[in-house]
Novice: 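Pasting a structure below so you can have a look.
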Amino acid sequence: MGRAFRYVIIGGGVAAGYAALEFTKKGVSHGELCIISDESVAPYERPALSKGFLNPEAPARLPGFHTCVGANEERLTPNWYKEHGIELIMETRVESADVRRKTLLTTTGETITYKFLIIATGSRAVKLEEIGITGSDAENVCYLHDLDDATKLVNMMRKCTGGNAIVVGGGYIGMECAASLVINKINVSMVFPGSYCMGRLFTPKISRYYEDFYKSKGVNFIKGTALSSFVFNSEGKVTGVNLKDGRHLPADMVVVGIGARPNTTLFTGQLTFEKGGIKVNNRLQSSNPSVYAVGDVASFPVKFSGDIRRVEHVDAARRTARHAVSAIMDPKNTSEFDYLPFFYSRVFSLSWRFYGDNVGEVVHFGDFGGTKFGVYWVNNGCLVGCFLEGGGDDDYVAVAKAVRLKPVVVDMDELRRTGVGFAVEV
Ligand code: FDA
């Protein structure tokens, strides 16, 4: 059994959805494009899974958050793909790929050939077993990467009202899940080895603000240690966790957020890799000219910082996807990809955005006891990054623009004093 398409996208996540919309804007013909996804639903805005989807009241549900609503664009329902003659092959994994022969083999035994391939296989959650702990399969141990995970988490939260949850990991998945667990009336203890939450992005001062906010909502932080093992009952359910520092905590449920790994193994030995991802040029083209990589799997040149990066952020997925399609369909009018790193999160009543790089000297500004405050990073005398909590749309536009321009900072005190005002004046 075999089929041939001009364009094939492997993966049906964020990047695939935005690529599909861009293909239609560029005039793809019916029958030319196929998306192969091992998920059971059409591409959706993955960040919704750790936010609106977990709300106890008026939760976000599909088809409400199919791509591309996150960027205020059209919502691509399964019917949209049909109407545009785009073949959505769902619940099907690509099992092997041969980029020399331009051929893919799926788990249903189908061979699919392409002229241009876009790899959009995203990443997967790191499992506890990978760090030597068993028990991921227990019915009350949850991860959060896809719709099935989110559905399991919601069902588990419903069963555990008033009970105890252990959140393993202090990154954004851990932080967003902890907030949702509290909103669902569950007692939360967060366990992570670092001294501060969100240690890779936040300064200790920002972390302290969020940790204090979480504590005021009842979250218990257990830092500087890690999970060592689970305690199970006779039915295989987790009833407690043992920590490396010898403590034991009772648990009705556990949520694990200990990182992600890109899904790139199909192409090991066939394409060039860098920084753990598929190396692409500034047109998102890999070492094989017919193959493009976008989203979480792509290691692409970031003009802003002059290096190559792999970025696990939704904005990067959307932009790399659009750019790759433009480079394929309209190469003459496609300039070099120019990306400004951008990441955001929303928890409780808080909402922050980060632009640029968090390297160099740190300048905190604003009222850390109030609702609007932030941090600038100044490297080699230039503004290179900004984190802002509680900004309005105009503030975010201003700081993004300022960071992109990398203005020289003469007076650090002025930066501290003027805060967002500095960005507005750039
Ligand atoms: P994505 O993971 O979206 O899609 C990959 C697709 O490929 C999936 O459908 C997968 O099943 C499929 N696939 C993989 N291998 C396959 C194979 N061999 N055959 C067929 N299909 C295959 N970012 C941010 O900036 N702000 C935020 O608030 C959040 N929040 C957030 C919450 C949660 C719960 C997660 C998991 C992630 C975020 N992110 C985020 C990160 C963001 O969602 C992520 O960077 C993008 O989804 C990446 O888009 P991709 O399309 O690259 O991968």
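Along the sequence shown, residues are numbered consecutively beginning with 1. Atoms within each ligand, like the ligands themselves, are counted from 1 in listed order. Keep in mind that this is a model prediction, so the values were computed, not measured.
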Novice: Closer than 3.5 angstrom, by distance alone: can the side chain of Tyr396 be matched with the main-chain N or O of Leu388 as a donor-acceptor pair?
Specialist: yes
Novice: Who pairs with Phe192 by ring pair (Phe, Tyr, Trp, His ring centres under 6.0 Å), at least two apart in sequence or on another chain?
Specialist: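 Here no residue qualifies.
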Novice: With Asn333, which residues qualify under side-chain hydrogen bond (donor to acceptor under 3.5 Å, both in side chains), at least two apart?
Specialist: Asp330
Novice: Report all protein residues having a heavy-atom distance below 4.0 Å to some atom of ligand 1; order the list by chain, then number.
Specialist: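 Ligand 1 pocket, heavy atoms under 4.0 Å: Ile10, Gly11, Gly12, Gly13, Val14, Ala15, Ile36, Ser37, Asp38, Glu39, Arg46, Pro47, Ser50, Lys51, Thr92, Arg93, Val94, Ala120, Thr121, Gly122, Ser123, Leu144, His145, Tyr172, Ile173, Glu176, Asn263, Leu266, Gly295, Asp296, Glu312, His313, Val314, Ala317, Phe343, Tyr344.
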Novice: Going by salt bridge (charged side-chain N to carboxylate O under 4.0 Å, His left out), name the residues that satisfy it together with Lys51, two or more places apart in sequence or in a different chain.
Specialist: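 Here the qualifying residues are Glu176.
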Novice: Would a 4.5 Å heavy-atom cut-off, applied to side chains only, mark Lys25 and Glu73 as touching?
Specialist: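 Yes, their side chains come closer than 4.5 Å.
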Novice: Taking the inter-plane angle between the rings of Phe368 and Tyr209 on a 0 to 90° scale, is it parallel (under 30°), tilted (30 to 60°) or perpendicular (over 60°)?
Specialist: perpendicular
